[in-house]
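Take a look at the structure set out below.
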Amino acid sequence: MNIKKLPFTKNKIEEIIAQHPTPFHIYDEKAIRENARRLNSTFAWAPGFQEFFAVKATPNPCILKLLKEEGFGTDCSSLPELLLAEKIGLPGRKIMFTSNDTPAQEYQKARELDAVINLDDISHLTFLESHCGLPELLCFRYNPGPLRGGNAIIGKPEEAKYGFTREQLFEGYKWAKDRGVSRFGLHTMIASNELDPNYFVDTAKMLFALVVDISRSLDINFEFINIGGGIGIPYRPEQEPVDIEYISRGIKQAYREKIEGSSLHPLRLYMETGRMITGPYGYLVSRVLHIKDTYKLYVGLDSSMADMMRPALYGAYHHITVLGKENEPLDYTYDVTGSLCENNDKFAIDRSLPKIEIGDIVVIHDSGAHGHSMGFNYNGKLRSAELLLKADGSVEKIRRAETVEDYFSTLDFSRI
Ligand SMILES: *Cc1c(COP(=O)(O)O)cnc(C)c1O
């Protein structure tokens with residue numbers, strides 16, 4: 001059981017709302033920093049351990065900067081994400097560029113920043129060479145094909161669009177070696193929001209075995225493996241957080257067995273998790289605008305799936321707290337909706353909640369990753385603000401809400 005707590009009281013949030021109108025996402029700086037430190041200390045045994053925070057999870061430079069202060073790099077997959085990494089002053093070795101279907105311009109920017117380029121496909125080798133030349137260091141993304149099970153968000157690897165086959169890895173590293181690339185890494189990411197820690201231990205084992213095989217066969221050395229992101233978080237109260245210590249112990253043992261006595265030691269361990277770092281420490285704060293009683297009972301919020309689309313997109317569960325009613329009985333059943341003209345604009349369906357009234361403040365938990373960042377403007381919805389609840393209790397606006405002028409800024413009304 002993981003108890004869904006809030007880092008603010010009702011009074012505190014009322015004070016914040018007086019300054020910053022709803023809806024907004026608010027992130028808990030102290031909890032994010034503590035979480036980052038815990039990850040680094042858990043993996044302190046691993047040679048050159050480096051977490052590259054997946055920018056797409058929370059692409060706000062204030063969040064990226066505080067993670068940089070905790071020693072994190074960034075994992076980028078587009079030009080704007082590379083520009084964010086540049087703006088917070090990260091050196092190239094702390095920027096992983098894990099993209100797919102990549103435009104030449106983005107590889108050029110990655111080369112300019114001296115970021116670590118992680119190729120998604122063997123055909124990108126010649127594409128990269130012709131558009132910006134080959135760097136000294138290259139990483140390839142591996143897709144292992146059919147595995148047992150598969151993961152709810154990414155699905156079965158053999159049906160995922162990402163990565164090289166095993167044969168293509170051998171061919172690709174040889175091709176790159178023959179053209180003077182001298183430093184190598186190997187990456188994979190086959191799960192998303194995965195709660196089973198064995199997945200990550202198995203991923204590391206698979207990559208250790210693979211670098212041993214490839215380095216022997218081609219006489220190349222590997223500098224790192226990157227086990228990707230995808231560590232899940234307990235969105236539901238009955239779920240448990242992933243046991244990071246268990247993952248660390250499992251990978252450490254595999255490292256001892258497969259790498260330590262070999263010429264590959266020291267082999268760096270990289271990861272690029274996003275969700276696990278910030279997800280549980282963000283909250284979407286909304287107010288109840290309307291209550292509707294038809295064939296079902298509906299609570300209408302002042303936010304919508306444009307502020308957080310996970311429930312509508314994946315049917316994802318996000319816990320909901322009605323502020324000040326935490327201890328009241330959950331004797332009402334509601335659909336909690338936004339205002340989009342799409343019937344799937346629901347944060348929750350048939351959710352047991354206390355009796356809700358117009359004006360209540362509703363907090364949707366676990367919006368700290370893939371929340372605001374997945375926002376969009378369909379139906380003329382304007383994207384909400386982002387706030388940072390700082391370690392000293394003060395609140396900083398780290399992104400203002402969009403205005404109608406922002407929404408119209410790509411149009412030219414003088415031509416109408
Ligand atoms: C999305 C993504 C991540 C981060 O995933 P999380 O689920 O947020 O940990 C890391 N690497 C790549 C390549 C991704 O696409």
Side-chain angles (χ1 to χ4, degrees), residues 25 27 32 35-36 38-39 43 50-60 63-64 67 72-82 84-85 94-102 106-107 110 115-121 124 138-144 150-155 157 159-164 185-197 199-200 203-204 207 224-235 239 241-242 244 247 269-282 308-310 313-314 316 318 366-374:
H25 291 262
Y27 308 112
I32 293 172
N35 193 32
R38 190 171 64 93
L39 186 75
F43 284 93
Q50 182 68 56
E51 150 72 1
F52 296 86
F53 177 70
V55 174
K56 74 168 190 264
T58 323
N60 187 299
I63 300 289
L64 300 179
L67 292 174
F72 285 11
T74 55
D75 168 44
C76 305
S77 62
S78 66
L79 183 62
E81 290 184 359
L82 284 169
L84 279 171
K94 289 211 170 183
I95 306 171
M96 183 72 58
F97 186 54
T98 302
S99 58
N100 67 92
D101 192 18
T102 313
E106 300 193 351
Y107 280 136
V116 182
I117 295 179
N118 183 14
L119 294 184
D120 182 66
D121 185 51
H124 294 192
L138 268 183
C139 180
F140 300 157
R141 178 173 187 163
Y142 174 47
N143 181 330
N151 170 274
I153 295 183
I154 289 203
E159 283 168 25
K161 65 174 180 167
Y162 310 110
F164 291 51
L186 175 63
H187 167 277
T188 197
M189 172 156 170
I190 49 181
S192 185
N193 193 29
E194 180 59 60
L195 289 170
D196 179 355
Y199 233 98
F200 304 97
T203 297
L207 294 185
F224 66 85
I225 63 156
N226 179 345
I227 62 171
I231 298 179
I233 59 170
Y235 285 102
Q239 292 172 326
V242 176
I244 302 298
I247 298 177
L269 177 66
Y270 290 173
M271 62 171 66
E272 49 188 35
T273 86
R275 188 187 316 272
M276 193 213 86
I277 305 299
T278 52
Y281 313 113
M308 199 183 60
M309 75 188 296
R310 296 192 71 261
L313 184 63
Y314 314 118
H318 277 260
D366 301 308
S367 80
H370 312 291
H372 186 281
S373 63
M374 277 189 176

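Numbering of ligands and ligand atoms starts at 1, following listing order.
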Item to complete: Within a distance under 4.0 Å of any heavy atom of T273, pick out the atoms of ligand 1 and give their elements.
Response: 9 (O)

Worksheet item: What distance do I231 atom CD1 and M276 atom CE have between them, rounded to the nearest 0.5 Å?
Response: 5.5 Å

Worksheet entry | Spacing of CG belonging to N100 relative to NZ belonging to K161, to within rounding of 0.5 Å | 4.0 Å

Practice prompt. For ligand 1, indicate whether the residue M276 contacts it via side chain, backbone, both or neither (heavy-atom separation under 4.0 Å).
Written response: neither

Worksheet item: Any N or O on H370 sitting closer than 3.5 Å to an N or O of ligand 1?
Response: yes

Practice prompt. List every atom of ligand 1 that sits less than 4.0 Å from any heavy atom of D75, numbering the atoms from 1 in the order shown and giving each element.
Written response: 10 (C), 11 (N), 12 (C)

Fill in: Heteroatom distance test (G274, ligand 1): nitrogen or oxygen, under 3.5 angstrom
yes

Worksheet item: Can you tell if the side chain of K56 reaches within under 4.5 Å of the side chain of H370, non-hydrogen atoms only?
Response: yes

Worksheet, complete the sentence: shortest atom 15 (O) of ligand 1-to-protein heavy-atom contact is with K56 NZ, 2.7 Å

Worksheet item: When rounded to the nearest 0.5 angstrom, what is the spacing between CD in E51 and CG in L269?
Response: 10.5 Å

Discussion item. Within the 4.0 Å heavy-atom shell around E272, which atoms of ligand 1 are there?
Written reply: 3 (C), 4 (C), 10 (C), 11 (N), 12 (C), 13 (C)

Discussion item. Geometry only, no angles: is R275 polar-contacting ligand 1 at N/O separations under 3.5 Å?
Written reply: yes

Item to complete: Examine ligand 1 and decide if any of its atoms is less than 4.0 Å from a heavy atom belonging to G230.
Response: yes

Worksheet item: So, does M189 sit close enough to ligand 1 that a heavy atom of it is under 4.0 Å from the ligand?
Response: yes

Worksheet item: Do Y270 and F224 have ring centres separated by under 6.0 Å?
Response: yes

Item to complete: State the atoms of ligand 1, each with its element, that fall below the 4.0 Å cut-off from a heavy-atom position in A54.
Response: 3 (C), 4 (C), 10 (C)

Response to the item:
Separation between CG (L39) and CD1 (I277), nearest 0.5 Å, reads 5.0 Å

Practice prompt. In sequence, state the C-alpha distance, the side-chain angles, and the governing distance for S99 and E106, and then conclude on side-chain hydrogen bond (donor to acceptor under 3.5 Å, both in side chains).
Written response: CA-CA 9 Å; S99 58; E106 300 193 351; 5.4 Å; no

Fill in: Proximal atoms of ligand 1 relative to R141 (non-hydrogen, under 4.0 Å)
13 (C)

Fill in: Aromatic plane relationship, F164 with F140 - under 30° parallel, 30 to 60° tilted, over 60° perpendicular
parallel

